[in-house]
Every structure is written in structure tokens, then in C-alpha cells.
**Student:** 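Below is one structure. I have some questions about it.
Numbering of ligands and ligand atoms starts at 1, following listing order. All residue numbers in this chain count up from 1 along the given sequence. Every heavy atom of this structure was used, including side-chain atoms; hydrogens, water molecules and symmetry mates were not.
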Amino acid sequence: SITKDWWRKSTVYQVYPKSFKDTTGSGEGDIRGLIEKLDYLQDLGIDIIWLQPVYVSPQNDNGYDVADYCEINPDYGTMEDFDELAAEIRSRNMHLMLDIVVNHSSTEHPWFQASRQSKDNPYRDYYIWKDPAPDGGLPNNWQSKFGGPAWQYDEGTGQYFLTLFDKTQADLNWENPKVREEVVKLMTFWAEKGVSGFRMDVINLISKDQDFPNDDGSVLPGDGRRFYTDGPRVHEYVQEMHERVFGPYNLVTVGEMSSTTMENCIRYSNPAEKEFSMTFNFHHLKVDYPNGQKWELMPYDFEQLKRLLSDWQTGMQQGGGWNALFFNNHDQPRALSRFTDDKEYRIESAKLIATTLHGLQGTPYVFQGEEIGMPNPHWKDISELRDIESKNMYQILQQNGKSAEEAMAIIRERSRDNSRTPMQWDDGPQAGFTSGTPWIKVDERYPDINVRQQLNDPDSIYHHYKKLIALRKELPVLTDGEYIRLDEGHSQVYAYARVSELETLIVVSNFSDRDALLRLPEDFQAKYVVGRHSKLLIGNTKLQPELQDQTELSPYASY
Ligand code: TEU
């Protein structure tokens with residue numbers, strides 16, 4: 001039986017199907033490959049599998065350019081394969097969460113093909129078309145997230161259409177009730193197939209200011225771009241989806257919020273608002289962006305990382321919102337390489353990343369490969385990369401004056417392909433991912449970093465994740481405990497507590513390659529440690545009965 005808000009004790013595993021497991025020798029992962037690995041995910045303790053897009057698509061943005069919302073891309077398999085996957089997941093008491101990409105569709109979608117036929121075509125207003133500006137230029141100064149203008153000119157009808165992402169991803173016009181009807185229909189189609197939930201792609205961009213004002217360059221505090229985010233009718237649209245699909249089918253939903261605010265995330269995820277179950281926000285993953293600019297390099301700001309994590313813990317807790325917890329996904333470089341040490345202290349670092357995240361309040365997301373400590377791959381040159389955003393930016397950086405080497409150095413750190421290389425199953429050819437040639441290279445360190453070797457090692461990163469996932473189901477304080485930051489600006493250590501009536505849990509992480517010493521704040525010790533049953537969550541998740549008055553921490557140790 002599904003108890004209310006069951007997903008507050010769940011852990012989600014994110015599958016990037018193209019790189020998960022190939023069963024045909026095509027060099028690309030497929031649905032049957034995921035079916036083969038369900039026992040592995042069940043063993044890890046996963047409750048929900050977030051399957052990224054497998055719909056019909058020209059694959060310009062690896063499936064986030066959908067050309068048929070209710071059909072499976074033949075590269076991934078058939079609808080029968082999908083139905084078998086759904087049944088196999090249900091039979092293991094696990095849940096399937098599908099990716100819904102409805103801010104935009106592929107320009108190869110029949111809707112768009114019709115829309116571009118003529119200005120009076122019935123599908124014209126499914127998309128956002130604008131006349132050229134009086135001087136013949138672009139309708140406004142909006143820029144695509146993948147670089148370049150956000151408007152593409154259509155010769156046939158002499159108008160521009162909006163593309164906030166790639167030029168082959170045309171933004172849908174949510175002002176049009178027919179578009180909203182189509183979205184309800186396609187979500188109902190998948191809900192009827194027994195899908196338990198949806199991850200909603202860049203869902204806070206669907207409501208545009210109908211004046212389409214120029215971007216005045218004012219940015220939201222810390223990041224983001226005003227015209228992109230949390231538009232005038234976004235909450236109205238989400239509430240309509242909740243009323244017509246999420247609620248009736250009791251779905252668990254997560255909204256991907258590009259450059260949003262805390263206030264909006266509280267509105268999006270407080271159950272009383274009847275919108276989403278939880279939200280992804282990205283502020284903590286921009287602490288290495290010099291003044292919010294992704295395509296410049298700087299060492300990450302540790303204090304800002306801790307402050308953002310803490311602010312969002314406290315703010316969402318006070319506002320009744322719910323965080324989707326993550327450090328990794330298919331759009332980000334591997335956190336292991338980004339925030340810790342992926343060489344000498346790789347294993348300690350991978351465990352630290354896990355312990356630091358899984359001690360927080362929210363629903364944790366495990367992105368494929370993080371549970372075995374996969375680092376950023378080594379990229380020789382741009383020819384090894386596949387991501388449309390990386391390839392665009394490699395050109396744009398050089399147009400803006402960077403040398404090819406300087407551009408490549410930035411791409412190496414920032415590219416989304418860092419997280420898109422094939423899952424490393426064993427030390428056999430192509431890490432057991434494919435019998436063919438992989439669509440993107442396997443990282444050369446796979447013989448030392450793979451699933452098979454870690455399944456048999458009780459001290460492995462894999463088993464550390466498995467224990468953390470189990471602990472979330474065992475300790476109520478992980479779900480409900482008040483969050484209290486403890487490190488007070490320590491230069492190496494991030495420490496926090498989760499406190500409930502019965503338990504005090506303390507999570508301590510040394511994000512440095514040097515020994516560290518942490519003394520817990522006196523008032524905290526007096527109030528929460530003396531006389532209370534205090535537990536120290538140890539990296540290997542054994543619970544230590546008493547608490548020293550100060551904690552010695554070796555490099556990248558986490559407790
Ligand atoms: O990502 C939206 C998004 O904000 C990221 O693309 C990020 O802003 C981008 O990498 C630039 O830094 C979602 C999907 O997760 C992503 O894979 C898609 O490319 C994008 O939407 C368009 O559908």
C-alpha cells in the first residue's frame with residue numbers, strides 16, 4: 001500500500017539510457033539493458049527509477065528533443081520492451097518515473113512541421129512565432145542556453161520562432177489551451193501505463209511574459225536570468241496539471257527549476273499548493289561559476305556551497321517545501337572531480353559526497369555511476385565529445401578570443417559529457433557496456449572502477465551508498481529532523497546536525513586533503529549532546545554511541 005508521501009523516505013536512481021547498458025551491439029544503451037540491471041538497482045535499495053527520455057527523437061539533444069511523446073525511439077527498443085520494463089519494475093515493488101519534456105518539442109515533431117506550413121495553420125499557435133523587429137532584426141535579445149540567439153528565422157512564413165535551447169528545440173506556446181490539453185493527454189497516456197511519476201524538464205520556463213521584453217541583464221541573486229524563469233502563469237499551469245493528472249493518478253513529481261528562487265520552490269513543492277512533490281534547484285552547482293558564468297573557470301567557493309545547502313535546507317523546511325537532493329546529473333560534471341579529489345583520495349571522496357548529501361532533508365538522487373565513484377573522464381580533444389552544448393561552446397569560446405587549448409581546458413571542466421560516458425559494469429571490453437563501439441568513449445580507468453569489483457568489496461563505495469539508502473528508511477530523523485549547521489565557516493569542514501525529539505544525528509565532512517579538527521559549538525554540545533542519546537554517523541554508517549568533545553578528521557574523511 002502506498003502511504004502518503006512515501007517518496008520522502010525513497011531514493012531515486014537516474015538512468016541516462018544511452019549510456020546505461022547496450023544489449024544489441026549498437027553502441028547505445030537500450031530498454032532491455034535496463035531490464036537486465038533491475039536486480040542490481042533493487043539490491044542497491046533503489047525505490048524509484050527516473051528513466052530519461054526514450055521517446056522518438058532525432059537525438060540532437062540526446063532525447064530532450066521529442067518528436068513523438070507517445071512512441072518509443074526504435075534505438076531504445078519497442079513499446080513492448082517498455083511495457084515489460086514497467087511490469088518488471090512493479091514486480092520488484094519499485095517505481096518508474098518518466099522524463100516529461102514539454103517546455104519545447106523537436107522541430108521534427110508533426111505539430112511543428114504543421115505549424116511552420118503557414119500563419120493560419122491550426123497548429124501555428126502551438127509554438128511561439130514573432131515578426132522581425134522593425135529594423136528587421138530579432139524579436140528581442142534573448143539568448144539560448146546553448147549559446148547564440150533564442151530565435152530561428154523561418155523563410156517560409158517570414159517569422160522567427162523561439163528556441164530557448166537548441167535551434168531544433170522549438171518552445172511550445174503554453175498560452176494556447178490546446179497545447180495544455182495535449183500535455184494532459186500525453187501524461188495521461190503514460191500514467192495509464194502504470195508509471196508512478198514524472199520528472200518535468202525545465203518546467204519553470206513554460207510561462208513567458210507575453211510582452212517578450214528584452215533581457216535587461218538583471219540577474220536573480222546568485223544566478224539565473226530573469227526572463228527565463230518562473231513566468232506569470234507558471235503556477236497556474238502546474239496546478240492545472242496537478243488537478244488533471246498528478247492528483248488523480250497519485251503521481252510523485254519533481255520539477256527541474258532552471259535558475260529559480262526559494263519562494264517559488266516553496267510554492268512548487270509545499271503539498272498545500274498542489275503542484276509538485278519536490279523540486280531540483282541548481283544554485284549549489286554554480287559555486288565554481290565566476291559571477292554566475294558557466295564558461296569561465298575558478299576554484300569553487302566552499303563557504304558559498306555550505307551556505308547555499310544550509311539556506312535551502314532551512315528555507316524549504318520552514319516553508320514546507322521538499323528538496324530533490326543531488327550533486328550529480330547528466331548536465332553536470334562529476335561532483336567527485338568537481339568538489340573533492342578523484343585521484344589519491346578517490347574512494348574517501350566518493351563516500352564523502354554520498355554521506356554529505358544523504359544526511360540532508362529531502363529525497364536523494366543517485367545519478368548512474370556515482371555509486372561506484374566514476375570521475376570525470378580524461379578528454380584528449382573536442383573530437384571525443386558529443387554534447388551539442390559543449391560543441392557549440394567550443395566554437396563560441398574561440399569566437400570570443402580563446403585559443404583552442406584554452407577553450408578545450410574550459411570544456412574539459414564544464415562539459416555535460418563528463419557524466420555521459422558509459423556505465424562501467426566490469427573490467428571486460430568496453431567495461432561490459434556494449435559488445436560494439438560505444439557512441440561515446442568509456443573512461444580508461446574502468447578496469448579499476450566498475451560494478452563487479454565493488455559488489456564483492458564490503459568497504460566499496462557501492463556498499464556505502466547501499467547503507468546510506470537503507471539508513472534513510474531506518475532513521476526517522478533523516479526524514480523529519482531539524483537541520484542545524486555546525487561548522488560555522490570552518491575552512492575545511494562542512495558539519496551539520498539533524499535533530500528530532502529522540503535522536504541527534506551529526507554529519508561531518510572534511511572537504512580537504514589535510515587533517516582537520518572540528519570542535520562542535522559549545523551551545524550545541526550543551527543542548528544536544530550532554531544528556532541526550534547522540535549518534536555520530538560514521539562514513540561506514542556504524543553508529544558511535546558517544547561523541548568526543550572534538551573530532552579529528554583525516555583527509556576527505558566523512559562521518
Ligand atoms: O536542462 C535544463 C538546464 O537548465 C540545463 O540544460 C543547463 O542549464 C544547461 O546544461 C546549461 O548549463 C534540461 C535537461 O536536463 C538537459 O539535458 C536538456 O539539454 C535541457 O533541459 C533542454 O531540454
**Student:** Which word best sums up how the rings of Trp50 and Phe280 line up, parallel for under 30°, tilted for 30 to 60°, or perpendicular for over 60°?
**Tutor:**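 Plane angle between 30° and 60°, so tilted.
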
**Student:** Should one rank Arg414, Gln52, Glu389, Arg199 by closest heavy-atom distance to atom 11 (C) of ligand 1, which comes out on top?
**Tutor:**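 Shortest heavy-atom distance from atom 11 (C) of ligand 1: Glu389.
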
**Student:** At the 4.0 Å heavy-atom cut-off, does Gln332 count as touching ligand 1?
**Tutor:**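 Distance cut 4.0 Å: Gln332 fails for ligand 1.
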
**Student:** Which of the listed options, Tyr289, Phe165, Phe280, Trp295, holds the heavy atom that is closest to atom 20 (C) of ligand 1?
**Tutor:**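 The option holding the nearest heavy atom is Phe165.
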
**Student:** Looking only at protein heavy atoms, which one is nearest to atom 15 (O) of ligand 1, and how far off is it?
**Tutor:**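 For atom 15 (O) of ligand 1, the nearest protein heavy atom is Asp331 OD2, 2.5 Å.
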
**Student:** Does Lys130 qualify as a cation-pi partner of Trp151, given the criterion of NZ or CZ under 6.0 Å from the six-membered ring centre and within 45 degrees of its axis?
**Tutor:**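 No, cation not above the ring by the 6.0 Å, 45° rule.
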
**Student:** Is a salt bridge present between Glu181 and Arg244, judged by a nitrogen-to-oxygen distance below 4.0 Å?
**Tutor:**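 Salt bridge: yes.
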
**Student:** For ligand 1, which atoms, with element, lie under 4.0 Å from some heavy atom of Phe146?
**Tutor:**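 What qualifies from ligand 1 is 19 (O).
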
**Student:** Name the orientation class of the two ring planes belonging to Phe112 and Tyr127 (parallel below 30°, tilted from 30 to 60°, perpendicular beyond 60°).
**Tutor:**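 Ring orientation, 0 to 90° scale: perpendicular.
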
**Student:** I'd like to know if Arg233 pairs up with Asp209 as an ion pair, taking the criterion as any Lys NZ or Arg NE/NH1/NH2 lying under 4.0 Å from an Asp or Glu carboxylate oxygen.
**Tutor:**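 Here Arg233 does not pair with Asp209 in a salt bridge, since their nearest N and O are not under 4.0 Å apart.
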
**Student:** Measure up the His358 and Tyr465 rings against each other and bin them: parallel (under 30°), tilted (30 to 60°), perpendicular (over 60°).
**Tutor:**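 Rings of His358 and Tyr465: perpendicular, over 60°.
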
**Student:** Tell me the protein heavy atom at minimum distance from atom 6 (O) of ligand 1, and give that distance in Å.
**Tutor:**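 Checked against all protein heavy atoms, atom 6 (O) of ligand 1 sits closest to Arg416 NH1, 3.6 Å.
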
**Student:** Short list, please: which atoms of ligand 1 are under 4.0 Å from a heavy atom of His104?
**Tutor:**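 Near His104, meaning under 4.0 Å from one of its heavy atoms, ligand 1 has 22 (C), 23 (O).
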
**Student:** Taking Arg386 first and then Asp417, would you say they form a salt bridge - that is, a charged N and a carboxylate O separated by under 4.0 Å?
**Tutor:**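 Not counted as a salt bridge, because no side-chain N and carboxylate O are separated by less than 4.0 Å.
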
**Student:** To the nearest 0.1 Å, how far is atom 8 (O) of ligand 1 from its closest protein heavy atom, and which atom is that?
**Tutor:**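 Answer for atom 8 (O) of ligand 1: Lys145 NZ, 3.0 Å.
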
**Student:** Does Leu41 form a side-chain contact (heavy atoms from CB on, under 4.5 Å) with Met94? I'd like the steps, not just the answer.
**Tutor:** CA-CA 9 Å; Leu41 296 179; Met94 293 161 79; 3.9 Å; yes

**Student:** May I ask you to identify the nearest protein heavy atom to atom 18 (C) of ligand 1, giving residue, atom name and distance to one decimal place in Å?
**Tutor:**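 Of the protein heavy atoms, Asp61 OD2, 3.3 Å lies nearest.
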
**Student:** Note the single closest protein heavy atom to atom 3 (C) of ligand 1, along with its residue, its atom name and the distance in Å.
**Tutor:**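 The protein heavy atom lying closest is Glu256 OE2, 3.9 Å.
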
**Student:** With heavy-atom distances below 4.0 Å as the criterion, list the atoms of ligand 1 near Lys294.
**Tutor:**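 Reading through ligand 1 atom by atom, the close ones are 10 (O), 11 (C), 12 (O).
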
**Student:** Does some non-hydrogen atom of Phe282 fall short of 4.0 Å from ligand 1?
**Tutor:**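 Contact check Phe282 vs ligand 1: negative.
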
**Student:** Out of Asp201, Leu164, Val202, Asp387, whose heavy atom is nearest to atom 2 (C) of ligand 1?
**Tutor:**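 Minimum heavy-atom distance to atom 2 (C) of ligand 1 goes to Val202.
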
**Student:** Ignoring hydrogens and angles, tell me if any N or O in the side chain of Asn418 forms a donor-acceptor pair with the backbone of Asn376 under 3.5 Å.
**Tutor:**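 Here the side-chain-to-backbone pair does not exist.
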
